[in-house]
Amino acid sequence: METGKEERSLNFIEQIVEKDLAEGKNNGRIQTRFPPEPNGYLHIGHVKAICMDFGIAEKYNGVCNLRFDDTNPVKEDVEYVDSIRNDIHWLGFRWGQIYYASDYFQQLYDLAIRFIKEGKAYVDEQTAEQIAAQKGTPTEAGVASPYRDRPVEENLRLFQAMQNGEIEDGRMVLRAKIDMANPNMHFRDPIMYRIITTHPHHRTGRTWNVYPMYDFAHGQSDYFEGVTHSICTLEFVVHRPLYDWFIDQFADSDYRPHQYEFNRLNITYTVMSKRKMLQLVKEGLVAGWDDPRMPTVCGLRRRGYSARAIRAFIDKIGYTKVEGMIDLGLLEHTVREDLKETAPRVCAIFDPVKLVLTNYEGAGETIVAENIDGKPELGTREMPFGRELYIERGDFQEEGDKNFYRLSPGGREVRLKAAYIIQATGCDKDADGRVTTVYATYDPQSKSGTEGGNRKTKSTINWVACDACIEAEARLYDRLFAVENPSAEEGDFRELLNPDSLHVVTCKVEQALKKEMQPLPVNDGVAEQHHYQFLKQGYFVVDPDTTSDKLVFNRTASLKDNWQK
RNA sequence: UGCUCAAUGGUGUAAUGGUAGCACUACAGAUUCUGGUUCUGUCUGUCUGGGUUCGAGUCCUGGUUGAGCAACCA
């Protein structure tokens with residue numbers, strides 16, 4: 001398994017698992033679960049959890065099941081169930097079973113009845129505000145509800161009435177009777193069940209009028225399924241004693257699932273909250289859950305991040321119990337590292353100016369260029385050449401200087417990518433002094449790949465033939481937020497959005513990209529990614545908006561640029 | 001005046017009582033038919049006081065700082 005790879009230290013969860021294995025816990029059985037609530041799209045923070053949950057199972061010959069934590073019909077929807085399944089699949093993970101917390105509603109209901117009968121639960125008729133008020137504060141003990149010592153029969157009858165739909169939403173809840181003075185707030189008679197009749201459940205419809213809360217559903221579900229390692233994020237640390245307590249009340253064997261917590265993922269210049277993402281989507285501040293600026297899996301995918309790159313990123317950041325903040329730069333570095341190996345190179349001119357090769361007499365010449373220099377196995381493409389080309393405006397300066405390696409009249413010799421060496425001779429300008437045409441002479445003996453072409457030039461510039469290029473829309477994306485940590489700022493997070501997070505421009509690209517002018521193939525509900533590197537510009541991916549009439553690219557990441565102006 | 005968790009360069013992470021290492025970033029240089037890539041080098045770190053030990057980033061203890069916990073959310 002480890003052969004060929006350098007030795008890597010285990011993260012602290014893997015260490016726990018290996019210790020459990022060594023001690024023969026659960027007869028060596030490893031079972032994890034990924035438990036998303038279907039109330040939003042998966043984001044890269046979830047991917048960190050997915051890589052952990054599925055990764056542990058994979059590495060230790062266990063199984064990881066997908067379990068939808070669908071205990072709150074007010075917020076949940078099948079739309080999300082489908083997208084979550086697609087995204088996990090696309091990331092390359094395979095679950096054992098698909099479960100739903102709603103599969104256990106009857107079991108959980110029966111368990112609640114048992115709690116009531118054993119005097120461990122009661123129906124409270126106070127309002128949410130009253131319950132909150134008498135819960136106390138972290139530094140002060142709470143006080144008991146006046147309904148706390150209701151007789152068992154009455155609790156049974158009322159809980160039944162709650163489920164029968166006889167009680168209005170919010171009028172009653174079922175609470176565990178534990179300890180109103182416990183220093184852990186979660187032990188102060190936590191709510192086990194609430195009434196929800198306003199929304200049908202996406203799977204059970206109107207069968208249930210009462211729904212279990214997270215604390216009464218999650219651990220039990222783990223127990224019912226035989227989960228051994230229930231891995232979640234740090235905010236659940238304080239829930240763990242309650243997780244254990246509930247299971248201890250009814251477990252009939254020594255088997256126990258154990259909860260372990262790791263640090264959630266935070267990345268600079270973005271938010272990782274489903275609530276905030278939903279708001280951005282609903283208010284049209286982004287184009288949808290799959291807007292390429294979003295940290296969602298579908299957003300990153302549309303942006304051009306491969307599953308491999310996303311997983312490599314998660315691999316780099318590791319798992320600890322320290323709450324931190326990852327540089328967006330690391331994510332970008334990872335995607336460049338991935339794409340540089342495989343993305344075909346192509347010329348795209350964003351701010352074109354015409355270049356005329358005054359001594360060029362040829363016609364119909366075609367340059368054959370490698371898709372990636374030095375990797376002939378990745379194929380070649382044809383670049384029609386001609387007397388009139390478009391080059392990047394910034395590649396010409398009328399007054400060059402020693403720090404400018406590109407075209408200037410009487411200046412350096414410059415290589416046209418994969419073609420000839422040229423030297424600028426002059427330019428035309430309009431009334432505003434703006435360059436309209438650049439003139440140059442070419443050296444017919446200097447074609448790339450020929451003996452005469454071995455001469456070195458300080459720089460190489462991109463070009464497309466005027467009469468053989470096509471136009472494409474390029475969507476240039478940048479960070480979604482203008483501040484490093486939007487969540488730490490006071491006030492409305494929407495005011496922190498980066499106003500320059502998207503620029504839509506038109507560029508001229510090589511004719512070779514004509515083959516992309518068709519609807520993108522879709523597999524398993526997911527559009528294929530056709531990656532390119534626009535030389536010197538960045539990595540781009542064909543957007544699903546592309547049609548046979550219009551070519552659309554999203555910029556995945558720019559190239560690093562060490563040339564400061 | 002609570003409970004819980006944490007603290008290693010700018011960032012992330014390793015060292016599991018025995019030489020503080022790796023990656024990203026930044027900066028220099030070399031290479032390059034992408035001012036990209038690649039390669040080399042440089043800068044920067046164990047929160048703090050005490051203790052245990054031949055030896056402490058690691059163990060113990062006091063403090064400091066940060067995070068989480070008072071949803072009929074998960």
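Chain letters run A, B, ... following the sequence lines, proteins first and then strands; every chain starts at 1. None of the values given here were measured: they were computed from a predicted structure.
- Among the heavy atoms of the strands lying under 4.0 Å from A:Ile326 are primed sugar atoms or P, OP1, OP2 only; no base atom is included.
- For A:Asp327, whose side chain is taken as the heavy atoms from C-beta onward, the closest listed nucleotide among B:U34, B:C72, B:G10 is B:G10.
- If you take atom C1' in B:A56 and the same atom in B:G51, they sit 11 Å apart, rounded to whole Å.
- As judged by a 4.0 angstrom heavy-atom cut-off over every strand, A:Lys456 is placed among residues touching the sugar-phosphate backbone only.
- Within the nucleic acid shown, A:Tyr193 has no heavy atom closer than 4.0 Å to any nucleic acid atom.
- With hydrogens and angles left out, the side-chain atoms of A:Tyr41 and A:Glu79 include a donor and acceptor closer than 3.5 Å.
- In this structure, A:Gly324 and A:Gly136 both approach RNA chain B, and ranking their closest nucleotides by distance from the 5' end singles out A:Gly324.
- Residue contacts shown for A:Lys536 include a base, since a base heavy atom lies under 4.0 Å away.
- B:G35 has A:Trp563 stacked on its base ring, the centres lying under 5.5 angstrom apart and the planes within 30 degrees of parallel.
- A:Arg67 has a carboxylate O that lies under 4.0 Å from a charged side-chain N of A:Asp222, or vice versa, which qualifies the two as a salt bridge.
- Residue pairs meeting the salt bridge (charged side-chain N to carboxylate O under 4.0 Å, His left out) criterion with at least one member in residues 121-135 of chain A, sequence neighbours excluded, are A:Asp124-A:Arg175, A:Glu125-A:Arg150.
- Nucleic acid contact class of A:Thr320 (heavy atoms, under 4.0 Å, all strands): sugar-phosphate only.
- Backbone-only contact: A:His186 has heavy atoms under 4.0 Å from sugar-phosphate atoms and none from a base.
- An OP1 or OP2 oxygen of B:G35 is reached within less than 4.0 angstrom by no side-chain nitrogen or oxygen of A:Lys458.
- Non-hydrogen atoms lying under 4.0 Å from RNA chain B are contributed by A:Glu37, all within residues 34-44 of chain A.
- In this structure, A:Thr71 reaches the sugar-phosphate backbone alone: every heavy-atom distance under 4.0 Å involves primed, P, OP1 or OP2 atoms, never a base.
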Table of protein N/O atoms under 3.5 Å from nucleotides 1-9 of chain B N/O atoms:
unit_1	atom_1	unit_2	atom_2	d
B:G2	N3	A:Pro138	O	3.0

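- Between A:Ile372 atom CD1 and B:U38 atom P there is a gap of 13 Å when expressed in whole angstrom units.
- Residues A:Asp169 and A:Thr197 bring a donor and an acceptor atom of their side chains to less than 3.5 Å of each other.
- Of the side-chain N and O atoms in A:Lys316, none sit less than 4.0 angstrom from OP1 or OP2 of B:C22.
- Straight-line distance between the P atoms of B:U25 and B:G63: roughly 41 Å, to the nearest whole Å.
- For B:G36, the OP1/OP2 oxygens have no side-chain nitrogen or oxygen of A:Arg345 closer than 4.0 Å.
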Quiz: residues 320-329 of chain A side-chain donor-acceptor pairs under 3.5 angstrom, not counting sequence neighbours:
unit_1	atom_1	unit_2	atom_2	d
A:Thr320	OG1	A:Asn263	ND2	3.1
A:Thr320	OG1	A:Val322	N	3.1

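- Ring planes of A:Phe105 and A:Tyr211: perpendicular class, angle over 60° (limits at 30 and 60°).
- Across the C1' atoms, B:U46 and B:A15 are found 11 Å apart, a figure rounded to whole Å.
- The A:Ala128 side chain lies nearest to B:C72 when the options are B:G68, B:U38, B:C72.
- Along RNA chain B, the nucleotide nearest A:Glu76 and the nucleotide nearest A:Gln533 are compared for position; the residue whose nucleotide lies closer to the 5' end is A:Gln533.
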Taking Watson-Crick and G-U wobble contacts under 3.5 angstrom, with | marking pairs to another strand and [ ] crossing pairs, the secondary structure of RNA chain B is written .((((((..((((....[..)))).(((((.......)))))....(((((..]....))))))))))).....
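- Within 4.0 Å (heavy atoms only), A:Ala132 reaches sugar-phosphate atoms of the nucleic acid but no base atom.
- At a threshold of 4.0 angstrom between heavy atoms, the contacts of A:Asp395 with the nucleic acid are absent.
- As judged by a 4.0 angstrom heavy-atom cut-off over every strand, A:Gln126 is placed among the base-contacting residues.
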Protein-proximity profile, nucleotides 59-66 of chain B, B/S/- by nucleotide at the 4.0 Å heavy-atom cutoff, equals --------
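- Nucleic acid contact for A:Asn263: sugar-phosphate only, since backbone atoms but no base atoms lie under 4.0 Å from a heavy atom of the residue.
- For A:Gln537 and B:U34, a side-chain-to-base donor-acceptor distance below 3.5 Å is absent, hydrogens and geometry of angles not being considered.
- A:Lys560 has a side-chain polar atom (N or O) that falls below the 4.0 Å cut-off from OP1 or OP2 of B:U25.
- Taking side-chain N and O atoms only, A:Asn562 has a distance below 4.0 Å to OP1 or OP2 of B:G36.
- Distance from the side chain of A:Asn72 is smallest to B:C73 among B:C73, B:G10, B:C72.
- A:Phe404 comes within 4.0 angstrom of a base, heavy atoms only.
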